[in-house]
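Computation of the quantities below employed the complete heavy-atom set of this structure, encompassing side-chain atoms and omitting hydrogens, waters and symmetry-equivalent molecules.
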Amino acid sequence: MVYMAQGTPLMSILNTKFISSEIVQTFVGCIGLVIVSPLTSLICSIIYTKKHKL
């Protein structure tokens, strides 16, 4: 990895399919982790309030 970084420009490394797919998977995973907590609490609060209004 160090050998690649010394002789290869950064854009050339990022353009390889393996590296770019890993970066995309990481971003999608981070977005999923950020969205799941508020979404879960919103759904649970809606279900909880509907049950206790009856």
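Put simply, Leu39 and Ile47 are part of the same group of oily side chains (I, L, V, M, F, W, Y) that touch within less than 4.5 Å, one to the next. Val28 and Phe18 sit in two unconnected hydrophobic clusters of ILVMFWY residues. Membership requires side-chain heavy atoms under 4.5 Å apart, directly or through other members.
Of all non-hydrogen atoms in Ser45 and Leu42, the two that sit nearest each other are OG-O, 2.7 Å. Of all non-hydrogen atoms in Thr49 and Ile46, the two that sit nearest each other are OG1-O, 3.0 Å.
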